[in-house]
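Okay, so here's the structure we're looking at.
These values consider heavy atoms only, across backbone and side chains, with no hydrogens, waters or symmetry-generated copies. Residue numbering restarts at 1 for every chain, and letters A, B, ... go by the order of the sequence lines.
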Amino acid sequence: MMVVNKTKVMVIGGGTTGVGIIRDLALRGIDAVLVEQQDLAHGASFRFHGLLHSGARYAVNDFSAAKECIEENIILKKIASTCINNSGGLFVQHKTDRDEYIGEWLRGCSEAGIEVKEVSIQNVLNENPAMSRDLKRIYSVPDGIIDGARLVWANVYQAMEYGARVLTYTKLSGIYTANGKVTGAEVINTLTGQKSNWECETIINAAGTWADEVAKLTGIELNVTKNKGTLLVFNQRLTQKVVNRLRIPDDGDIIVPHHTVTILGTTSVNTDEPDSAKPTSGEVQILLDAGRELFPEIDNYRLLRAYAGVRPLYAGNGEVKDDDGRDISRDFRIFDHAHNGLNGFISLIGGKLTTYRMIAEKTVNYVCKTMGIKKKCQTAEIPLVDSKRLLTMDGKVNKFAVRYGIRGEMIQKYLQQNPEKEITLCECEDISFAEVEEVASWKSTNNLDDLRRKTRIGMGTCQGLYCSFRSLGSAWNAMKNKPQHPLRQLVCFLEKRYKGQKSVLWEAQIKECELTLGIYSTIFNLERVEENSEV
Amino acid sequence: MNLTKLQIDALNNCVKCSICVNSCPVASVNPQFPGPKQLGVDWLRLAQEEQSQPIPAVDYCSNCKTCEAVCPSGVHVGTLNQLAKSNLPQRSLGMREEIFSDPSLLGRFIHIWPQAGNMATGLRPVKFLTEKTVGISSQAPMPAYSMKTFREMLLKYKPEFSEIPKEVVYFPGCFTQYNQPEIGMSLVKILAKLNYKVIVPDFKCCGQPAISNARLDKTKKFAEHNLDILRQELKDGRELIFSCPSCLLTFKEEYKNILGLQEYSAFTSSMQDSGQFLLNHREQLAALLRMKNAESAKYAYHEPCHLRVAGQGTPGLVLLKSLMGLDITPLEAGCCGMAGSYGLKAEKEWVSREIGNNVKDAVTNLNPQAVITECGMCSVQVNALTELPVKHPLEVLAEQIKA
Ligand code: SF4
Ligand code: SF4
């Protein structure tokens with residue numbers, strides 16, 4: 001007999017939309033479980049540029065999106081301050097950009113309530129000497145920088161504290177229905193192969209790019225356009241503020257200084273294969289060409305990696321304008337499959353990270369209505385990390401609360417018990433032994449790659465060269481009991497790190513790669529080690 | 001923080017191989033010292049996001065620049081450390097750094113009455129007091145001051161030239177000027193035999209001590225003064241020579257790399273170590289030497305770190321070994337640990353001594369009569385560690401020149 005678990009609502013998909021919904025449900029006191037087929041935030045939530053939109057980018061083409069963005073921008077800066085760097089953003093007009101666009105854009109911004117100020121080009125150049133001298137006008141906007149992985153985990157940690165359950169590496173394998181109504185679901189743990197059954201009243205399909213596959217389990221056809229965007233990562237900051245090109249949105253006109261790196265994006269092309277989206281060398285060139293116009297010396301900055309994220313876009317009926325997908329509104333849609341004859345099954349398509357909270361609110365409002373629950377949304381008022389936990393005794397911002405949300409206190413505790421673990425394990429991103437060891441011991445950390453998404457190991461210059469084996473070594477006791485053998489974890493980790501570097505492998509980065517290869521293949525003989533131990 | 005080209009390139013080129021950390025003499029004796037990679041490159045990268053203060057441990061970097069010499073990616077990692085050091089909150093850098101950052105000041109002061117100065121710096125109670133008040137170690141060896149400065153000696157020296165002499169500009173440096181003018185005089189005398197007139201303009205300190213003591217503003221002042229002099233003096237193909245490797249390194253690299261004074265690039269091809277300058281005249285020089293192998297003494301050679309970084313090879317060693325045929329063996333024991341004023345600081349004296357023990361052991365093994373090295377403060381350290389006489393190659397060479 002399989003154990004049957006019970007809940008009210010099951011949410012499918014652990015991207016920002018899914019975690020936003022589970023948090024919303026939890027804060028309303030509704031029993032819910034989140035099911036994610038891999039680790040949280042492995043999809044578009046992690047593989048995007050990290051820009052917290054002010055809405056200015058949409059001011060001309062998608063006015064309602066612009067308005068939603070600025071509203072949410074203000075809310076998120078309040079409730080998710082730990083995940084946001086309130087850097088501010090710039091919209092810059094290159095000498096080749098049309099003047100007429102500016103009037104329209106300024107009007108759109110002012111109608112949407114986005115605060116725009118023209119700033120002196122000289123001041124901007126003084127602060128960002130790498131920027132082009134060919135700029136005609138610059139405006140500042142309230143853009144910010146947002147850490148997608150931190151945001152996802154901060155939502156989830158809080159939701160769990162309010163009673164939500166979260167199952168990662170768990171795939172939805174079947175949906176049970178009776179009398180035209182959802183009654184439950186079968187899920188399978190992808191690491192252990194174990195199946196379990198859940199009883200529930202409602203399933204919310206927030207699987208993003210995979211939403212159509214989820215719907216297919218009930219025989220319902222869902223039309224999702226999958227749009228691939230490629231981004232480049234430079235090994236250092238080229239600017240201190242977000243830089244947008246002041247023109248009709250196009251390839252390569254967003255530059256975001258994300259933590260220690262700079263992200264340049266994006267391209268936009270439709271794809272059929274969300275699982276195997278890879279950046280092409282053509283896309284890398286397109287981005288560099290565009291980036292060069294704003295940062296003429298861009299080729300003199302080392303590229304760490306390139307990656308592609310796949311955005312789920314709502315394809316609607318005949319609304320698609322052309323092949324590159326940029327003219328489709330990325331606004332989200334709620335589909336109540338009651339229209340397809342199945343009650344209690346809701347699908348979401350579209351949305352953007354900046355508006356994830358609002359999407360969750362609207363969705364849960366709708367679900368509450370269908371379920372007859374009367375509870376108010378609180379996600380805009382309750383911060384992800386309350387100020388009591390965010391600030392230290394002497395009123396400073398607690399670095400661990402910033403990094404690990406409410407779980408920062410667990411790191412703090414571990415450090416108090418093991419003060420010698422304060423020393424740095426990863427020098428590129430300044431992560432201590434304490435952080436790695438504590439996070440590795442969490443149940444939701446299944447392997448090195450999960451550890452990376454939570455701590456940022458492997459994200460810096462060395463791309464995992466040192467931190468991967470140091471992490472395994474220092475957290476060996478925890479890692480050896482994970483579903484995957486530690487050596488398998490190491491191989492997977494290094495392969496993924498390599499994959500991202502492949503399309504930008506030149507100059508220093510190729511040296512870095514060779515060094516990694518030399519150390520792991522020659523000194524550690526990793527390929528053989530793996531063969532000989534039953535991994 | 002706006003980065004200079006050197007800093008941007010460091011972030012581009014460092015492959016995190018850690019070779020610099022493994023070669024760092026301070027890290028090898030002090031496990032608390034995070035090493036050049038973390039202090040220089042990694043901190044710089046992180047500081048762009050966090051705008052954070054440098055890691056306080058960077059104060060323990062001796063500025064020996066071994067890290068820079070070994071880096072396979074050409075990262076100026078030692079320079080990054082000095083730049084980081086200068087960003088430390090000022091309060092960690094006190095009066096002692098103020099004194100050490102300009103040796104010419106102390107030199108001029110002591111020179112008023114050198115005997116008293118030398119005696120005072122050697123007196124136990126004085127040593128005790130300076131350790132307690134200013135933080136200068138009572139254990140560390142103090143350089144002795146000369147009764148006459150190099151300039152005073154030079155004024156008295158009237159060489160006779162058989163034909164119209166060529167001219168070469170010489171930068172003596174503070175150690176030659178105040179502590180051991182014999183180095184400079186040896187050079188002047190040898191060059192006179194080669195028919196060179198040595199011009200010693202009114203240079204200021206090169207500014208290397210100010211770099212190590214996080215007083216970049218002083219270095220800048222010195223550099224600008226010295227630059228003015230170069231503009232006047234380095235014309236008509238005149239060259240600028242140095243007897244101190246640290247001064248040479250500062251002129252050749254630091255003014256450009258640390259201060260960003262690109263104008264120095266125009267002069268770097270005219271600068272070289274005096275040993276190299278002499279090697280360029282090796283035939284003439286050979287003719288001036290007394291009988292080869294006249295001496296059967298055994299010598300050890302200690303290569304100063306800054307000579308290594310200056311990328312000049314070891315011309316002094318070549319002069320003594322190939323040209324003079326001396327029995328001289330390089331110690332290859334790495335940094336001596338003194339690093340200018342570093343080893344004089346109370347809290348760092350033990351680090352300096354531990355590092356120096358490598359040199360001491362190598363000397364003990366070799367058992368020479370004297371040690372040869374170009375750097376003044378190296379000679380103070382090696383002398384204290386081994387109790388052997390330590391000489392500059394120029395002094396040894398001058399002794400062998402026919403009258
Ligand atoms: S600075 Fe040079 S030696 Fe040091 S880690 Fe980087 S590349 Fe290696
Ligand atoms: S300059 Fe010398 S002491 Fe400083 S980090 Fe480099 S090798 Fe170490």
**Message:** Regarding B:Asn13 and A:Arg302, do their side chains bring together a donor and an acceptor under 3.5 Å, going by distance alone?
**Reply:**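 Judged by distance alone, the side chains do not pair up.
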
**Message:** Whether the B:Asn12 and A:Gln236 side chains hold a donor-acceptor pair (N or O, under 3.5 Å, no angle test) is what I'd like checked.
**Reply:**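 Yes, a side-chain donor-acceptor pair sits under 3.5 Å.
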
**Message:** So, taking the atom named CG in B:Leu46 and the one named OG1 in A:Thr260, what distance separates them when rounded to the nearest 0.5 Å?
**Reply:**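 Interatomic distance, B:Leu46 CG to A:Thr260 OG1, rounded to 0.5 Å: 6.5 Å.
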
**Message:** Let me confirm one number: the CD-NE2 distance from B:Gln48 to A:His259, rounded to the nearest 0.5 Å.
**Reply:**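 Rounded to the nearest 0.5 Å, the CD-NE2 separation comes out at 14.0 Å.
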
Within [range], which positions have a heavy-atom distance to chain A below 4.5 Å?
range	value
residues 14-32 of chain B	B:Cys14, B:Val15, B:Lys16, B:Cys17, B:Ser18
residues 254-266 of chain B	none
residues 330-346 of chain B	none

**Side chain, backbone, both or neither of B:Pro72 within contact of chain A (heavy atoms, under 4.5 Å)** =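 Contact with chain A: backbone only.
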
**Request:** Counting only heavy atoms closer than 4.5 Å, note whether B:Leu3 contacts chain A via side chain, backbone, both or neither.
**Result:**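 For B:Leu3, side-chain heavy atoms alone lie under 4.5 Å from chain A.
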
**Residue-level contacts of residues 420-429 of chain A with chain B, using a heavy-atom cutoff under 4.5 Å** =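 At a heavy-atom separation under 4.5 Å, chain B is reached by A:Thr424, A:Glu427, A:Cys428, A:Glu429.
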
**Prompt:** Is it true that a side-chain atom of B:Arg45 and a backbone atom of A:Asn235 form a donor plus acceptor pair closer than 3.5 Å?
**Reply:**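 Side chain of B:Arg45 to backbone of A:Asn235, a donor-acceptor pair under 3.5 Å: yes, one is there.
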
**Message:** I'd like to know if the side chain of B:Asn2 and the backbone of A:Asn126 have a donor-acceptor N/O pair within less than 3.5 Å.
**Reply:**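 It does hold such a pair.
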
**Asked** Checking heavy atoms, do the side chain of A:Phe234, its backbone, both or neither come under 4.5 Å from chain B?
**Response**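 Nothing of A:Phe234, per the 4.5 Å heavy-atom cut-off to chain B.
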
**Asked** Is the charged tip of B:Lys5 near the ring of A:Tyr301: under 6.0 Å from the six-membered ring centre and within 45° of its axis?
**Response**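 Not flagged: B:Lys5 not positioned over aromatic ring of A:Tyr301.
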
**Asked** For B:Lys220, does the NZ atom have more than 12 heavy-atom neighbours from other residues, nucleotides or ligands under 6.0 Å away?
**Response**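 At most 12 heavy atoms, drawn from other residues, nucleotides or ligands, come within 6.0 Å of this atom.
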
**Message:** Please give me the minimum heavy-atom distance between B:Ser73 and A:Lys511, naming the atom from each residue.
**Reply:**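 For B:Ser73 versus A:Lys511, the nearest heavy atoms are OG-NZ, 3.1 Å.
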
